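Right, one structure below, let's go through it.
Note that the numbering runs from 1 along the sequence shown for the chain. The shown structure was predicted, so the numbers you read here are calculated from the model rather than taken from an experiment.
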Amino acid sequence: VIRVCRSAGMPLDLVLGGSVQPAGATLRSACVLLALVVGFRAAHVVASETPGLTWRPWLTTNLSLHLVILLAALLPAGLSGAS
């Protein structure tokens, strides 16, 4: 969409209904989410390999991961560091 709009000389703000997020902010957000997923998965692996632990650490880790991703997705751009 952006390539077509730019080649046609159309203003992106009007076509998309708002300003376009910089590519660096998108990359930063993707890296933060990747770090969260990797961190929670590492905690999940450690919890699953610890003898004597039941299903609760797995459930807690998975629910925490989904909660953090949901909260990060719901944050307005001004609060998530994207500027």
Subject >> Remaining members of the apolar cluster that contains Leu34, side-chain heavy atoms under 4.5 Å >> reply: Val38
Original post:
Taking atom SG of Cys31 and atom CG of Leu36, what is their separation to the nearest 0.5 Å?
Top reply: 11.5 Å
Original post:
Can you name the residues that form a side chain to side chain donor-acceptor pair (under 3.5 Å) with Arg6, not counting sequence neighbours?
Top reply: none
**OP:** Could you pull out all residues at least two apart from Ser64 that satisfy side-chain contact (heavy atoms from CB on, under 4.5 Å)?
**Re:** Phe40, Thr60
Subject >> Separation of Leu33 CG from Arg28 CZ (nearest 0.5 Å) >> reply: 10.5 Å
